[in-house]
Participant: 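Below you'll find the structure I mean.
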Protein chains: 2
Amino acid sequence: MEKAVIDLLKSYQLRTTTVRKQVLDLFMQSKHALGKTNIEAQLEEIDRITLYRTLRTFEQKGIIHEAVDGSGKTKYALCSHECSEHAHHDHHAHFYCSLCENTVCMDSITVPEVSLPEGFRINSAQLILSGVCQNCQ
Amino acid sequence: MEKAVIDLLKSYQLRTTTVRKQVLDLFMQSKHALGKTNIEAQLEEIDRITLYRTLRTFEQKGIIHEAVDGSGKTKYALCSHECSEHAHHDHHAHFYCSLCENTVCMDSITVPEVSLPEGFRINSAQLILSGVCQNCQ
DNA sequence: ATCTTCGCTGCAACAATGTTGCGTTAGAGC
DNA sequence: GCTCTAACGCAACATTGTTGCAGCGAAGAT
Ligand SMILES: [Mn+2]
Ligand SMILES: [Mn+2]
Ligand SMILES: [Zn+2]
Ligand SMILES: [Zn+2]
């Protein structure tokens, strides 16, 4: 189990430190997106600032992406393979459960193309769905 | 000009205070969504906490709605007429300009319906578009 | 295996934003 | 005008974001 984490870090030319292995392992095991608070709760020893920078690094490298869910809290989830440094390609929707407050990537739902009024140039699009998830019905 | 603001406040059974009139007036004149910092800059005398509660009240009453744009900063814009207390009905997209950092409501673009996997119940949906706006081309 | 280098960590410190309590102020109805 | 109570404004605290810097440790070289 360690091996997959280490390999992934190495493939991105990142040092395989304890913190990074722990955080990345959490992401690989989690079924939903993780917020900072969430991670801190599971890794009690972890330093707040180090986690902040770890997530920033992971995002810049294209390992994780921000899952905007309208809850006001920033969450992150593993990227798909197409993502790389400086270029995220996560064109799927995110579902936010208002009961358990978890957010999951809906890989099966792609963000629909829309036509904008004259003068607007669009670079990316995000679709946020809110409701009640499977577990909370 | 004052009259429209006062009438709107009264129609929601809200006291017509100086702060509320000022804030609501800003919203009615602005072409894009407003964040707290933005409002504070334009109303220099305003108290930070009072503004916070004013916006919360306006949102609860259905006068303004949150415009999620993925920038991490919460912004607000006037609701359409269908919105009411405890029931927002803003099914339009929001466009965020990465240059001027303004967010505008795209009333012409409605959030498309999507079909979710079994077990999910959907209550609302939001569509965020990012790019460069008219003025920044 | 030990050394060296440089990226990473962890602490301090500060900024920005969100939130509640409470005494004072002022709007609305009488 | 007077009364009642909603709204204001200040203090105080919580949470989150961000940078600087000294010490640690992972990775490659010897
Ligand atoms: Mn995702
Ligand atoms: Mn809007
Ligand atoms: Zn749930
Ligand atoms: Zn712009």
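Residue numbers start from 1 in every chain, and the chains themselves are labelled A, B, ... in the order their sequence lines are given, proteins ahead of strands. What you see is a predicted model; the values in this text were computed from it and never measured.
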Participant: Please determine, for the side chain of T17(B), which listed nucleotide (dC8(C), dG9(D), dG27(C)) has the closest atom?
Facilitator: dG27(C)
Participant: Using whole Å, what does the distance between atom P of nucleotide dG17(D) and atom NZ of K75(A) come to?
Facilitator: 13 Å
Participant: Taking atom types as they are modelled, would you say the side chain of R48(B) forms a donor-acceptor pair with the base of dT19(C) within the 3.5 Å cutoff?
Facilitator: yes
Participant: Among N38(B), N102(B), T103(B), whose side-chain hydrogen bond (donor to acceptor under 3.5 Å, both in side chains) with K75(B) holds?
Facilitator: T103(B)
Participant: Atom CD in E59(A), atom OH in Y76(A): separation rounded to 0.5 Å?
Facilitator: 5.5 Å
Participant: Aromatic ring centroids of H65(B) and H92(B) under 6.0 Å?
Facilitator: yes
Participant: Rounding to an integer number of Å, can you tell me how far L51(B) CG sits from dT17(C) C1'?
Facilitator: 12 Å
Participant: Identify which nucleotide among dA12(D), dG18(C), dA7(D) has an atom closest to any side-chain atom of I49(B), counting heavy atoms from C-beta outward.
Facilitator: dA12(D)
Participant: Show me the pairs that pass salt bridge (Lys or Arg N to Asp or Glu O under 4.0 Å) and involve residues 4-20 of chain B, at least two apart or across chains.
Facilitator: K3(B)-D7(B)
Participant: Looking only at side-chain N and O atoms, does R53(A) come under 4.0 Å of OP1 or OP2 in dC8(C)?
Facilitator: no
Participant: Any side-chain N or O of Y52(A) less than 4.0 Å from the OP1 or OP2 oxygen of dT18(D)?
Facilitator: yes
Participant: Drop me the distance from R121(B)'s CZ to N123(B)'s CG, to the nearest 0.5 angstrom.
Facilitator: 6.5 Å
Participant: Of D47(B) and R15(B), whose closest DNA chain D nucleotide lies nearer the 5' terminus?
Facilitator: R15(B)
Participant: Rounded to the Å, how far apart are Q60(B) CD and dT19(C) P?
Facilitator: 11 Å
Participant: Rounding to a whole Å, what distance do you find between L14(A):CG and dC6(C):C1'?
Facilitator: 15 Å
Participant: Going by heavy atoms closer than 4.0 Å, what residues in residues 94-103 of chain B are next to DNA chain C?
Facilitator: none
Participant: Just how far, in rounded Å, is P of dT9(C) from CG of L43(A)?
Facilitator: 13 Å
Participant: Looking for any heavy atom pair under 4.0 Å, which part of the strands does T57(A) touch: base, sugar-phosphate only, or nothing?
Facilitator: nothing
Participant: Hey, does the side chain of K73(B) come within less than 4.0 Å of dT17(C)'s phosphate (OP1/OP2), counting only N and O?
Facilitator: yes
Participant: For the side chain of T16(A), counting heavy atoms from C-beta on, which of dA28(C), dG17(D), dA27(D) is nearest?
Facilitator: dA27(D)
Participant: If every non-hydrogen atom of I128(B) is compared with every non-hydrogen atom of V68(B), which pair is closest and at what distance?
Facilitator: CG1-O, 3.4 Å
Participant: Nearest 0.5 Å, what's the CD-OG1 distance between E45(A) and T18(A)?
Facilitator: 11.5 Å
Participant: Reading DNA chain C from 5' onward, which residue's closest nucleotide shows up sooner: G72(B) or T54(A)?
Facilitator: T54(A)
Participant: Take the protein atom CG of L9(B) and the nucleotide atom C1' of dA28(C), then report the distance between them rounded to whole Å.
Facilitator: 14 Å
Participant: Rounded off to whole Å, could you give me the CZ-to-P distance for the R56(B) and dG9(D) pair?
Facilitator: 15 Å
Participant: For dC8(D), take OP1 and OP2 only and decide whether either is under 4.0 Å from a side-chain N or O of T18(B).
Facilitator: no
Participant: When you check the phosphate oxygens OP1 and OP2 of dT16(D), does a side-chain N or O of T37(A) lie under 4.0 Å from one of them?
Facilitator: yes
Participant: Hey, is the main chain of G131(A) close enough, under 3.5 Å, to the side chain of S98(A) for a donor-acceptor pair?
Facilitator: yes
Participant: Can you tell me how far P of dG18(C) sits from CD of E66(B), to the nearest Å?
Facilitator: 9 Å
Participant: Has K36(A) got a side-chain N or O lying under 4.0 Å from the OP1 or OP2 atom of dG17(D)?
Facilitator: yes
